[in-house]
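Per chain, numbering begins at 1; letters A, B, ... match sequence-line order.
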Protein chains: 2
Amino acid sequence: MADVKTGARARGIDRVIALMEHLHRLRTPTRIADIARDTGTPRSTVYELVNTLVEARWLELRDGDGTVYFGPAMHYYGSDYLDSVDLIRKARGEVTHLSESVGETAQFCMLDGDKYLVVLNEPGRRMFRLSSEIGIKVPIPWTASGRLLVDHMTPQEIRAFIPAEDFTLPDGRKIVEAEFLHDIAQAREAGFVRTTALVDRFTTCMAAPVRDPAGRCIATICFVVPADTEADQQAMMIDALKASAARLSGAR
Amino acid sequence: MADVKTGARARGIDRVIALMEHLHRLRTPTRIADIARDTGTPRSTVYELVNTLVEARWLELRDGDGTVYFGPAMHYYGSDYLDSVDLIRKARGEVTHLSESVGETAQFCMLDGDKYLVVLNEPGRRMFRLSSEIGIKVPIPWTASGRLLVDHMTPQEIRAFIPAEDFTLPDGRKIVEAEFLHDIAQAREAGFVRTTALVDRFTTCMAAPVRDPAGRCIATICFVVPADTEADQQAMMIDALKASAARLSGAR
DNA sequence: TCGATTTGTCCGATATTTCGGACATCGATC
DNA sequence: GATCGATGTCCGAAATATCGGACAAATCGA
């Protein structure tokens, strides 16, 4: 990433990259002075850059309280990206359809390095938002989909690939490696995976694998639902996921 | 905008802004040398910047044929933007629901300066994509929605607001100002607007206004369909648009 | 096979952008 | 009403990022 040495003079573009990554991590409009402090950028430099970026609509001044956040240009460029990647464009259709027809939150997920992340998220009809952190990296063992996304690796490869600390959940519990490997084998066998109360005590996640022609899992499509969702309802959702995943696997 | 004087030395960030705007205009992966030529940026500078941007995932090398296009980071930042703007977040739900339930392309549109643009686009079930130019500026008179978005202005204000050349369609036909003003009055009266064969001979567009508490049209929600769509089908779609627009107007 | 064109890397110089700090406003708090 | 902190602007100096051009490698075409 754009590593900006503290105290040293840096290129504007590196400062901007750090700024945007910072806003994405915070996920909330932020005051300029805070950005300067937290990214280690001189105050006068941030003001200068923010003015430029606001002019270009990359950022927007919010609320009139001196905070800035992403602007519309990011949405336009992001849409161009989505449209340009075949698999993702198709996945959009599947995810919206699943979410609309079932009424629950549906997602499309991939790996980014040794982390899992949500690429597409379509919220369901529920009031309370069960999650929606597009582009936020999460340890692989914390997720249902993660169990599918590494299912082409040997146990040794998995051990080398996933950082050891990623097996510790946010609440401090540890995921036993043997169980994790067992989950993976079982998921590959069944063609889907389901986890409950992993990151969040009251949430169940169901996922199906999207595979490339070689059979390798390159993405997953999944539902995020309350843990007390009826069993037959869950079975229906798993079937829908498998059908969507199969369409995406075929379409190449 | 980021105006980069030809021949002069420019800041990296201004070069990057020009580069991204250029890619957005082209809407296709582009070779680095072409970017250099068309944006007036020195070749060595573009290579340098592209490397930095690829590393940050703002851009992606495509195809292995030396072209670059937007990368996943743009999608993440764009999603953050969509989630952060209340009206747009709600509009997403309406647009996806309209598109899913009716099976036709639905859009959410706003003004950007004196131009119209599509903010959200959800394609219908048809094979041929009838349009989807998110974030591309279009002259107001070329669109159905445009007739709603200026309906709070007097004829004089409209004349001052819309550039004269914007009344000429891509095929050279001219839109008579009197008819345009008549359309606007009629649309405000009816609570919706419909145009056929404006930009595209075989396309009909229907739109309903989203209004702020003061009654001013701040956005529109619309369907884009083939011109030969049945009349009763169109009537049903207009009702659906009005209902969605009303929900968005109320939700403040 | 051999030029012609394109693509990508590298390097040194200098025009310029970043940076620190000073300063003026503004609001809140006591 | 005085003090403190936060916000935003401005300026000169110097560290350095941009740029032009040279060069090698790859690709193309005839």
Sort me out a list of protein N/O and nucleotides 26-29 of chain D N/O pairs below 3.5 Å, or just none if empty.
none

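- Summarising the geometry, the separation between CG on A:D14 and P on C:dC19 is reported as 10 Å, rounded to the nearest angstrom.
- Computed from C1' positions of five pairs at each end, the angle between the two local axes of the helix from C:dT1-D:dA30 to C:dC30-D:dG1 equals 50°, rounded to 10 degrees.
- Between the side chain of A:H75 and the backbone N or O of B:V119 there is at least one donor-acceptor pair closer than 3.5 Å.
- By the 4.0 Å N-to-carboxylate-O rule, B:D83 lies too far from A:R27 to be salt-bridged with it.
- For the pair A:L19 CG and C:dT18 C1', the interatomic distance rounds to 15 Å; values are reported in whole Å.
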Practice prompt. Mark up nucleotides 3-13 of chain C, 5' to 3', with B wherever a protein heavy atom is under 4.0 angstrom from a base atom, S wherever such an atom reaches only the sugar-phosphate, and - elsewhere.
Written response: ---SBBBB---

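- Not counting sequence neighbours, A:R43 has no partner by the salt bridge (charged side-chain N to carboxylate O under 4.0 Å, His left out) test.
- Residue A:T154 holds its OG1 atom at 7.0 Å from CD1 of A:I158, rounded to the nearest 0.5 Å.
- Remark: P of C:dA15 and CZ of A:R11 are 21 Å apart, rounded to the nearest angstrom.
- Remark: A:R216 CZ is loosely packed, at most 12 non-hydrogen atoms of other residues, nucleotides or ligands lying under 6.0 Å away.
- Side-chain contact check for A:Y76 versus B:M20: every heavy-atom pair is 4.5 Å or farther apart.
- The distance from atom CZ of A:R37 to atom P of D:dA6 is 8 Å, rounded to the nearest whole Å.
- For A:D112, the salt bridge (charged side-chain N to carboxylate O under 4.0 Å, His left out) partners two or more places apart in sequence, or in a different chain, are A:K137, B:R57.
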Worksheet item: Where do A:E122 and A:R92 land on the salt bridge (charged side-chain N to carboxylate O under 4.0 Å, His left out) test, with the steps shown first?
Response: CA-CA 9 Å; A:E122 203 62 40; A:R92 260 194 87 204; over 6 Å; no

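- Remark: A:D151 engages A:R211 in a salt bridge, criterion side-chain N to carboxylate O under 4.0 Å.
- Between B:T45 and D:dT18 there is no side-chain N or O to OP1 or OP2 distance below 4.0 Å.
- The distance between atom CD of A:E48 and atom C1' of C:dC19, rounded to the nearest whole Å, is 11 Å.
- Screening A:T168, A:L198, A:I162 for a side chain to side chain contact (heavy atoms under 4.5 Å, CB included) with A:P141, the sole residue that qualifies is A:I162.
- For B:R31, the salt bridge (charged side-chain N to carboxylate O under 4.0 Å, His left out) partners two or more places apart in sequence, or in a different chain, are B:D34.
- Between the P atom of D:dA17 and the CZ atom of A:R15 lies a distance of 11 Å, rounded to the nearest Å.
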